[in-house]
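These numbers come from the heavy atoms of this one structure, side chains and all, not from hydrogens, waters or symmetry mates.
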2 protein chains.
Amino acid sequence: MPDPTALPKYVQTAEMLIREIAAGRLQVGERLPPERAMAAELGLAVGTLRKALADLEARGLLERRQGSGNYIRSGAEDAGIYAFFRLELVGGGGLPQADVLGVERLVKPGDLPRFGASRMGHRIRRLRRLSGVPAALEEIWLDGSYAPVVRDADLSESLYLSYRKRFGLWITRAEDRVGLAPVPDWAGNPFPLAAGAMAGYVERLSRDGAGQTAEYSRTWFDHERVRYVARLK
Amino acid sequence: MPDPTALPKYVQTAEMLIREIAAGRLQVGERLPPERAMAAELGLAVGTLRKALADLEARGLLERRQGSGNYIRSGAEDAGIYAFFRLELVGGGGLPQADVLGVERLVKPGDLPRFGASRMGHRIRRLRRLSGVPAALEEIWLDGSYAPVVRDADLSESLYLSYRKRFGLWITRAEDRVGLAPVPDWAGNPFPLAAGAMAGYVERLSRDGAGQTAEYSRTWFDHERVRYVARLK
DNA sequence: AGGAATTTGTGCGTATGTATC
DNA sequence: AGATACATACGCACAAATTCC
């Protein structure tokens, strides 16, 4: 009897594979078993497994070569667990980390776009690092309706994982707009660009599983060291 | 008997739908027929049609709602034919256009990353507009092996369409890196930012159907008016 | 309010084509 | 040339979300 609260098998499978890669049980460059063998092993239909593999490919973790096999891409060890994180060092890669600078529940300011159902929002400010290097400042507004309070301790490195585990919120889609904007003036952090200096800028509007806008975030990144990466098609 | 040179049906179907939208035969906001009815109409299996629809969704042309239907998204009239174009006006949308500033066949300079098989490359410089507004400067290096010469007349508004029709080159994947960089000094064009000023910057490495790197391009965009857009998952 | 009908999502299994080894 | 492996395509059954009556 199927569990109605369970995720689709292809999502479960993709996440399982990501964990295997992150844990090092699947090594970079390694070829996966043939799809049919793997599907049989996992008790899945081939098509279901293929959907999971396509997901990993879109996230840049896997390279699929017809007639040859499926190969773990370099950089995959670090990247996978941070599903939607799209910043990397100019030289490539970097392990994403985050320091929480502050969390507050506030009335949403008027300059934010409309998102979520509540008048209130949780404002989370973080310093993002890549392999320890200060890479970006991040201000996240989570709609107030998903949790009465958000504490520092609720926020693990992977924010979307926290949302899921603590608040039952599933971020499934997001739209990013990338441009330039001046660095905000938040005192007391080691971000290398001065307040007011031009930096790379990402605005994101995220939606939950039901398609409702749930979160709005702004990220300022150090363009000397960091790039925003998108893989198309 | 199937034609081995033909594209997959799901690609043909996706392109057909894009043309229908661009031509206005499918209106923005309109709901498509149910998938099963549509598949029967087109002589396709439902799964094949669904793959085409998933493609349109990923490009931002279609919104799919379980239990409800498939709806043409606003902005889709313009966007679809320019498959990989990811710049839009800050206010949203804008019809992409291009003025060719120059085309030359040159030895690839040393500061470009390695791509393609040839020592030579075609350097194409264009001014991109959105609904007439000068939006970006673009320098494209197409590997020399795909064509002996490239003439101005070979380049229609949609470059990837030209590649396909003139040179038999299919761009199927690309990787974008977005950051900031100073505007290059190309005399005599109406790009609003001065040479040396900081602008949005997109580096792209594109691959052909066989997975070979085929093209490298750099785009400087006016961050006051333009954003780079990515839709995730 | 609530149940039936409609519509998309997930999952399975299979057959055949095409690229690679 | 043959074997292997991924890609495309088909068709079906049932689940979940939405809409309609």
(message) Is there a side chain to side chain donor-acceptor pair (under 3.5 Å) between B:Y10 and B:E15? Walk through the geometry before answering.
(response) CA-CA 9 Å; B:Y10 74 90; B:E15 297 196 344; over 6 Å; no

Polar atom pairs between nucleotides 4-8 of chain C and protein, under 3.5 Å, N or O only, would you list them?
residue : atom : partner : partner atom : Å
C:dT7   : O2   : B:G67   : N            : 3.4
C:dT8   : OP1  : B:N70   : ND2          : 3.3
C:dT8   : OP2  : B:E35   : N            : 2.8
C:dT8   : O4'  : B:G67   : N            : 3.3

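Taking A:F221 as the reference, nothing meets the ring pair (Phe, Tyr, Trp, His ring centres under 6.0 Å) condition, with sequence neighbours excluded. Considering only residues two or more places apart in sequence or on other chains, A:Y228 meets the ring pair (Phe, Tyr, Trp, His ring centres under 6.0 Å) condition with none of them. A:R119 is linked by a side chain to side chain donor-acceptor pair (under 3.5 Å) to nothing, counting only residues two or more places apart in sequence or in another chain. Listed by chain and number, the residues in a side chain to side chain donor-acceptor pair (under 3.5 Å) with A:K51 amount to none (sequence neighbours excluded).
B:Y10 has a side-chain polar atom (N or O) that falls below the 4.0 Å cut-off from OP1 or OP2 of D:dT8. The phosphate of C:dC12 has OP1 or OP2 within less than 4.0 Å of a side-chain N or O from A:K9.
Residues in residues 28-41 of chain A take part in these salt bridge (charged side-chain N to carboxylate O under 4.0 Å, His left out) pairs, two or more places apart or across chains: A:E35-A:R50, A:E35-A:R64. Judged as a side chain to side chain donor-acceptor pair (under 3.5 Å), the pairs with a partner in residues 20-29 of chain B (not counting sequence neighbours) are, in order, B:E20-B:R25. Among pairs with a residue in residues 200-214 of chain A, those fulfilling salt bridge (charged side-chain N to carboxylate O under 4.0 Å, His left out) read A:D176-A:R204, at least two apart in sequence or across chains.
At a non-hydrogen distance threshold of 4.0 Å, nothing from residues 37-46 of chain B comes into contact with DNA chain C.
The distance from atom CG of A:D55 to atom C1' of C:dG11 is 16 Å, rounded to the nearest whole Å. Distance A:L7 CG to D:dA16 P: 13 Å, rounded to the nearest Å. The CG atom of B:L49 sits 16 Å away from the P atom of C:dT10 (whole-angstrom rounding).
Residue A:T48 is the one, among A:Y71 and A:T48, whose nearest nucleotide of DNA chain C lies closer to the 5' end (criterion: closest heavy atom).
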